[in-house]
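In what follows, a single structure is set out as structure tokens and then discussed.
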Amino acid sequence: MNLRCVGMLLLTILLSWNAGQLATAQAPASAPAQPPRVRKLVLVAGKPSHPPRMHEFNAGVQLLHKCLANVPGLESEYVLNGWPEDDSIFDNADGIVFYMDGGARHEVVAPGRKEKIDKLVRQGVGIGCMHYAVEVVPEQAGAEFKRWIGGHYEHMFSCNPIWEPHFAMFPDHPIAQGVEPFTIQDEWYFNMRFIGDIPGNVSARVEDIDFTPILVAVPSDDVRDGPYVYPKGPYPHIVANAGRAEAMMWAVERPDGGRGFGFTGGHFHDNWANDQFRKIVLNALVWVTGADVPAQGVQSTLAPGDIDANLDPKPPRR
Ligand SMILES: [Zn+2]
């Protein structure tokens, strides 16, 4: 092979390599779109603490997990009876939702745990807190809860009456997709300590966090007058806001790219049998991971016996 032939050969190789590159570069345009990554949700149920059919965190979490089984793009796992023994279950989660007792003994606030969750939040992991899990002692984790989920229950500032709000209108938000107006009695806490001290009943942008109220209703004057579950109240600042709409569920989108939500209902286990009540929470569980909520919301049907499954054992009689 003379020099000219070698040159031609090199040119041919070069041209065919270029053609290959072009073909490679153009390939994605004609390739089918990649399905979205499967998101991982971890549901954490708290320990038993109340009489039967109240604060049934273990049964509630298993019921919700079952209802999420067929949601495309989502896999859910759950942990029972409090913080997991091996918390590496959180390490590749896209969303973590706590349905447990809170206040001064909030399990997420214990040494080492708050820091772990805070690190995950800064990586964009979604966080949800349901019922008592929305309450923390401000000095212990108030700042974190405002940054993680937009607010928290504060003792003597928030209140916890048992009442029956009518949720008539919903925002244009994925969590509300397919949800019809509903009325249901629960221990619906309100007057949360929200980020920036906003009232929480309208959308707002505070400290680069986009806040959207999801479940909003106006408590009657009787509800504001109490009694609350504990302490019985009434608190003058709650009474003074007569006529004001209050948020019992809200959602945030954080600057770290993660999402958060708070839901103050969930005291009575039997409420999970209500299709709208269940759907709006199921939607939130999907949304908080970054997955798409189905257009008509998460469809689920309870089979006979589902609501009675996995209830905590009755405490021994004394
Ligand atoms: Zn309760």
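All heavy atoms count here, side chains included; hydrogens, waters and symmetry mates do not.
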Practice task
State plainly whether the residues Asp87 and Arg113 are in salt-bridge range, i.e. N to O under 4.0 Å.
Solution key: no

Handout entry: Partners meeting side chain to side chain donor-acceptor pair (under 3.5 Å) with Arg254 (sequence neighbours left out)
Key = Asp256

Handout entry: side chain to side chain donor-acceptor pair (under 3.5 Å) partners of Asp222, counting only residues at least two apart
Key = none

Practice task
Return yes if some donor-acceptor pair links the side-chain N/O of Asn283 with the main-chain N/O of Val298 below 3.5 Å, else return no.
Solution key: yes

Exercise for the section: Output all residues satisfying side chain to side chain contact (heavy atoms under 4.5 Å, CB included) with Asn271, sequence neighbours left out; order by chain, then residue number. Expected result: Ile184, Asp186, Phe268, Phe277

Exercise for the section: Taking side chain to side chain donor-acceptor pair (under 3.5 Å) as the test, write out the residues that go with Asp225, two or more places apart. Expected result: none

Practice task
Inspect the contact between Arg278 and Asp275 and indicate whether a charged nitrogen and a carboxylate oxygen are less than 4.0 angstrom apart.
Solution key: yes

Practice task
Give a yes or no on whether a salt bridge exists between Asp210 and Arg259, defined as a side-chain N under 4.0 angstrom from a carboxylate O.
Solution key: no

Practice task
Mind checking side chain to side chain contact (heavy atoms under 4.5 Å, CB included) for Pro181 and listing every partner two or more places apart, or none if nothing turns up?
Solution key: His166, Phe170

Exercise for the section: Specify whether Trp83 and Phe98 have parallel, tilted or perpendicular ring planes, treating 30° as the upper limit for parallel and 60° as the lower limit for perpendicular. Expected result: parallel

Problem - Contact summary for Ala93 and Val125, nearest pair of heavy atoms - result: O-CG2, 3.5 Å

Exercise for the section: Can you tell me which residue pairs pass the salt bridge (Lys or Arg N to Asp or Glu O under 4.0 Å) test with a partner in residues 39-51, sequence neighbours excluded? Expected result: Lys40-Glu77, Lys47-Glu107

Practice task
Sequence neighbours left out, what passes ring-ring contact (aromatic ring centres under 6.0 Å, His included) with Tyr189? Give chain and number order.
Solution key: His131, Tyr153

Exercise for the section: Please name the residue in the list Tyr99, Trp250, Trp287, Trp188 that meets the ring-ring contact (aromatic ring centres under 6.0 Å, His included) test with Phe263. Expected result: Trp188

Handout entry: Under the salt bridge (charged side-chain N to carboxylate O under 4.0 Å, His left out) test, residues paired with Glu187 that sit two or more places apart
Key = none

Practice task
List in chain and number order the residues that pass ring-ring contact (aromatic ring centres under 6.0 Å, His included) with Phe145, two or more places apart in sequence or in another chain; answer none if no residue qualifies.
Solution key: His106, Trp148

Problem - Set of residues satisfying salt bridge (charged side-chain N to carboxylate O under 4.0 Å, His left out) with respect to Asp208, sequence neighbours excluded - result: Arg205

Problem - For His237, all residues meeting side chain to side chain donor-acceptor pair (under 3.5 Å), sequence neighbours excluded - result: none

Problem - Shortest non-hydrogen separation from Arg224 to Pro234 and the atoms involved - result: O-CB, 3.7 Å

Practice task
For Glu135, check salt bridge (charged side-chain N to carboxylate O under 4.0 Å, His left out) against everything at least two apart and list the hits.
Solution key: none

Practice task
Please report the closest heavy-atom contact between Ala245 and Asn201, naming both atoms and the distance.
Solution key: O-ND2, 3.0 Å

